[in-house]
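Some notes on the structure that comes next.
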Amino acid sequence: MKKIATLTIAVALGCAGVAMAQEEHALTQQQVVAQLTQQGYTDVHDVDFRDGVWTARARSGDGTHVKLRVDPTTGVAYPDKQVSRINEKDIRAMLSTQGYTHVHDVDFHHGVWTAKARNDAGARVSLQIDADSGRIIGTN
């Protein structure tokens, strides 16, 4: 009987410890979803607190399905594969505001967006674009 009582108390304390650990974190499940959405992820689902971090599944800006680990206090997402938080529509809009026209062949390869366009002088250019900031990192 003592063993059962001791075991019951141990299990209760263990469950309370997990609940307390989760409560110590600044972000709730709804806040995690909001943070991920703000970081450019869509279709966020399967959000769960596991092994001291939030986990989730979502689509990145480039449409890739990813599994995420999320810092429980800051909401910073750590995807299981290289993704872009910016989508093709955003890339096209950014290039347009920078004076590029006839933007085409916008694609995401190896962690970098690529696009072909005409610059403000009308010359054809190939661009390489940072997947997080949208900054042009290479042109030829």
Side-chain angles (χ1 to χ4, degrees):
M1 190 68 145
K2 275 186 172 180
K3 286 183 180 182
I4 292 174
T6 303
L7 182 59
T8 302
I9 291 170
V11 169
L13 288 174
C15 291
V18 169
M20 285 173 53
Q22 187 171 349
E23 288 174 10
E24 288 175 11
H25 304 299
L27 300 177
T28 65
Q29 184 175 15
Q30 292 79 17
Q31 290 169 323
V32 168
V33 172
Q35 286 280 335
L36 293 175
T37 301
Q38 186 177 32
Q39 293 175 49
Y41 293 98
T42 59
D43 189 25
V44 178
H45 60 281
D46 294 341
V47 180
D48 191 26
F49 189 80
R50 185 178 315 147
D51 299 327
V53 297
W54 285 101
T55 60
R57 293 177 183 264
R59 281 186 184 257
S60 65
D62 65 349
T64 303
H65 290 276
V66 292
K67 294 179 186 176
L68 303 164
R69 288 190 179 92
V70 183
D71 184 302
T73 55
T74 65
V76 173
Y78 300 95
D80 65 342
K81 20 181 148 164
Q82 181 70 26
V83 298
S84 174
R85 294 192 172 111
I86 302 172
N87 62 38
E88 180 179 345
K89 184 178 174 183
D90 294 334
I91 294 294
R92 289 178 180 276
M94 285 182 220
L95 292 175
S96 177
T97 61
Q98 294 176 35
Y100 291 94
T101 60
H102 299 88
V103 177
H104 62 96
D105 293 343
V106 179
D107 209 358
F108 184 72
H109 291 286
H110 307 292
V112 176
W113 282 97
T114 59
K116 294 182 180 177
R118 290 187 183 264
N119 64 16
D120 57 358
R124 292 180 185 178
V125 293
S126 295
L127 306 165
Q128 294 189 42
I129 305 149
D130 182 287
D132 288 327
S133 69
R135 184 175 64 83
I136 296 172
I137 57 175
T139 183
N140 61 2

(message) With heavy-atom distances below 4.5 Å as the criterion, would you say the side chains of Leu127 and Tyr100 are in contact?
(response) yes
Note: Asp71 and Thr74 closest approach over all heavy atoms is OD1-N, 2.9 Å
Heavy-atom nearest pair, His109 first then Asp107, reads NE2-OD2, 3.0 Å
For Ala115 and Val106 the tightest heavy-atom approach is CB-CG2, 3.9 Å
Whether the side chain of Gln39 engages the backbone of Gly75 through a donor-acceptor N/O pair (distance < 3.5 Å, no angle test) should be reported. yes
The reported gap from CZ in Arg85 to CG in Leu36 (rounded to nearest 0.5 angstrom) is 9.0 Å
Checklist line | Modelled atom types, side-chain donor and acceptor of Arg57 and His45, under 3.5 Å | finding: no
| message | Would you say that Gln29 contacts Trp54 through its side chain, given a criterion of any heavy-atom pair below 4.5 Å between the two side chains? | response | yes
Decide yes or no for Ile129 and Arg135: does some side-chain heavy atom of the first lie under 4.5 Å from some side-chain heavy atom of the second?
no
Fill in: ILVMFWY network linking Val125 to Val103, side-chain heavy atoms under 4.5 angstrom
yes
Residues Ser84 and Ala131: closest non-hydrogen pair is OG-O, 3.0 Å
**Side chain proximity check, Met94 to Ile86, heavy atoms < 4.5 angstrom** = yes
Legend entry - Crowding at CG, Asp105 (>12 non-hydrogen neighbours, <6.0 Å): yes
Count I, L, V, M, F, W, Y as connected when their side-chain heavy atoms are under 4.5 Å apart, and connections chain through other members. Are Tyr78 and Val83 then in the same cluster? no
### Task
Give a yes or no on whether the backbone of Val33 and the side-chain of Thr37 come within a donor-acceptor separation of less than 3.5 Å.
yes
Closest heavy-atom pair, Val66 versus Tyr41, reported as atoms and distance to 0.1 Å, is CG2-CE2, 3.9 Å
Tell me, with the steps shown, if Val112 and Ile137 meet side-chain contact (heavy atoms from CB on, under 4.5 Å).
CA-CA 9 Å; Val112 176; Ile137 57 175; 4.1 Å; yes
Open item on the list: Just so I know, are the side chains of Gln128 and Trp113 near enough to count as touching, which here means a heavy-atom distance under 4.5 Å?
Closed with: no
Would you say Lys81 and Thr64 make side-chain contact, with heavy atoms under 4.5 Å? yes
Enclosure of Arg69 CZ (heavy-atom neighbours >12, cutoff 6.0 Å)
no
Heavy atoms of Ala77 and Leu68 approach each other most closely as CB-CD2, 4.2 Å
Ignoring hydrogens and angles, tell me if any N or O in the side chain of Asn87 forms a donor-acceptor pair with the backbone of Asp62 under 3.5 Å.
-> no
Q.
Measuring only between side-chain heavy atoms, which start at C-beta, is Thr55 closer than 4.5 Å to Phe49?
A. no
* Would you call Ile136 and Gln98 a side-chain contact if the rule is heavy atoms closer than 4.5 Å? -> yes
